[in-house]
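Here the structure is laid out as structure tokens; the discussion comes afterwards.
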Amino acid sequence: MVQNDTEKLNNMLDALEHYEALYVIRRITKDNDALIKKTIKIVEGLLSDVDPEEVAEDLYYELNSIDVEDLWNSSGKTRYGYVDPDEKAWEMFVEVVEPFMDKMKKSNELNMPLAAKNYCLGILQGLRKYSNCATSEFADWVVDVPYDYMDTVLIEWKKGNPTQEDLEEVESQLGQQG
């Protein structure tokens with residue numbers, strides 16, 4: 001089978017680990033302003049393409065997938081003392097939400113306000129859906145946590161100094177969900 005250079009490159013890139021692919025990009029763009037600008041444009045396009053509904057669905061799915069057995073197995077009396085199940089449930093909840101929050105924070109850091117707003121909206125929608133529609137037994141351990149955590153999401157998003165228009169849009173969406 002004869003491969004052209006594009007096919008060969010694609011196959012080789014597929015074989016790389018993420019950190020290796022980053023190394024390749026950094027080497028190719030090093031000291032080449034045209035490639036740097038082109039790479040920035042591509043990366044900005046990828047990072048700014050955030051669908052709030054998709055974020056909400058992903059977050060809801062992740063939260064609804066938390067197994068209550070994991071909570072029970074990691075709380076209560078242990079050989080190191082006592083782990084409060086309510087505190088452990090909060091911790092497990094936050095562990096699922098944090099990667100979504102990290103993406104919102106990173107969007108703020110990269111001065112990508114639309115992406116940050118869309119992550120914020122998606123996280124809030126996902127928390128609302130989880131609070132209203134969760135089917136997992138774990139949800140019984142975090143009944144008030146999704147609503148409590150919404151404040152944390154808003155506070156973190158606002159650190160990016162959103163416009164008044166964006167603030168009003170997010171508040172409007174919150175009102176419509178309520």
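Index from 1, following the sequence.
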Do the side chains of L13 and I28 join up, straight or via other hydrophobic residues, at under 4.5 Å, putting them in one cluster?
-> yes
Same cluster for I123 and W90 if Ile/Leu/Val/Met/Phe/Trp/Tyr side chains link at under 4.5 Å?
-> yes
Is I40 linked to I42 within one hydrophobic cluster, defined over Ile, Leu, Val, Met, Phe, Trp and Tyr using a side-chain heavy-atom separation of less than 4.5 Å?
-> no
Say whether L127 and Y61 are linked into one hydrophobic cluster, either directly or through other cluster members, by side-chain heavy-atom distances under 4.5 angstrom.
-> no
Hey, what do you get for CD (E20) to CE (M12), rounding to the nearest 0.5 Å?
-> 11.0 Å
CG of D70 to OG of S65: how many Å apart, nearest 0.5 Å?
-> 11.0 Å
Shortest non-hydrogen pair, K117 vs V170, comes out as CG-CG2, 4.0 Å
Find out whether L114 and N118 are in side-chain contact, i.e. whether some heavy atom of one side chain is under 4.5 Å from a heavy atom of the other.
-> yes
Measure the spacing between CD of E57 and CD of E53 and express it to the nearest 0.5 Å.
-> 9.0 Å
Do you know the tightest heavy-atom contact between A115 and V50?
-> CB-CG2, 3.9 Å
Among the clusters formed by ILVMFWY side chains lying less than 4.5 Å apart, do L22 and V43 turn up in the same one?
-> no
Using the side-chain contact (heavy atoms from CB on, under 4.5 Å) rule, pick out the option among V96, V97, V142, T135 that qualifies with Y130.
-> V142
Decide yes or no on side-chain contact (heavy atoms from CB on, under 4.5 Å) for E98 and K105, but give the supporting numbers first.
-> CA-CA 10 Å; E98 275 306 304; K105 291 176 194 177; 3.9 Å; yes
Derivation of the side-chain contact (heavy atoms from CB on, under 4.5 Å) call for W72 and E137 = CA-CA 11 Å; W72 295 336; E137 202 172 340; 3.4 Å; yes
Are side-chain heavy atoms of T163 and E168 found at a separation under 4.5 Å?
-> no
Can you check whether P146 reaches F93 side chain to side chain, under 4.5 Å on heavy atoms?
-> yes
CD (E44) and NZ (K41) are apart, to the nearest 0.5 Å, by 9.5 Å
Close side-chain approach of V68 to S136, heavy-atom, < 4.5 Å = no
Smallest heavy-atom separation, C133 atom then Y60 atom, equals O-OH, 3.1 Å
Sub-4.5 Å side-chain heavy-atom contact between K88 and W141 = no
Could you tell me whether K77 sits above the aromatic face of Y82, with NZ or CZ closer than 6.0 angstrom to the six-membered ring centre and within 45 degrees of the axis?
-> no
Decide yes or no for P113 and N111: does some side-chain heavy atom of the first lie under 4.5 Å from some side-chain heavy atom of the second?
-> yes
Do D84 and S75 have a side chain donor and acceptor closer than 3.5 Å?
-> no
How far apart are the closest heavy atoms of D140 and V143, and which atoms are they?
-> O-CG2, 3.4 Å
Heavy-atom side-chain contact between K129 and Q125 under 4.5 Å = no
Determine, step by step, whether Y147 and R128 satisfy the side-chain contact (heavy atoms from CB on, under 4.5 Å) criterion, reporting the C-alpha distance in whole Å, the side-chain angles of both residues, the deciding distance to 0.1 Å, and the verdict.
-> CA-CA 7 Å; Y147 283 105; R128 177 76 51 122; 3.2 Å; yes
Heavy-atom side-chain contact between L63 and L59 under 4.5 Å | yes
Residues F138, N64; criterion side-chain contact (heavy atoms from CB on, under 4.5 Å); working and verdict | CA-CA 8 Å; F138 178 81; N64 207 41; over 6 Å; no
Could you tell me whether a side-chain N or O of E7 sits under 3.5 Å from a main-chain N or O of N4, the two making a donor and an acceptor?
-> yes
Grab the two heavy atoms, one from M92 and one from D67, that are nearest each other, plus how far apart they are.
-> CE-O, 4.3 Å
Check ion pair E156-K159 (N to O, under 4.0 angstrom) | yes
Taking atom CD of E69 as the centre, does the number of heavy atoms from other residues, nucleotides or ligands within less than 6.0 Å exceed 12?
-> yes
Where L121 and P52 come nearest, the two heavy atoms and their spacing = CB-CB, 4.1 Å
In this structure, NZ of K158 is separated from CG of N108 (nearest 0.5 Å) by 12.5 Å
Between OG of S131 and CE of M150, what distance do you get to the nearest 0.5 Å?
-> 6.5 Å
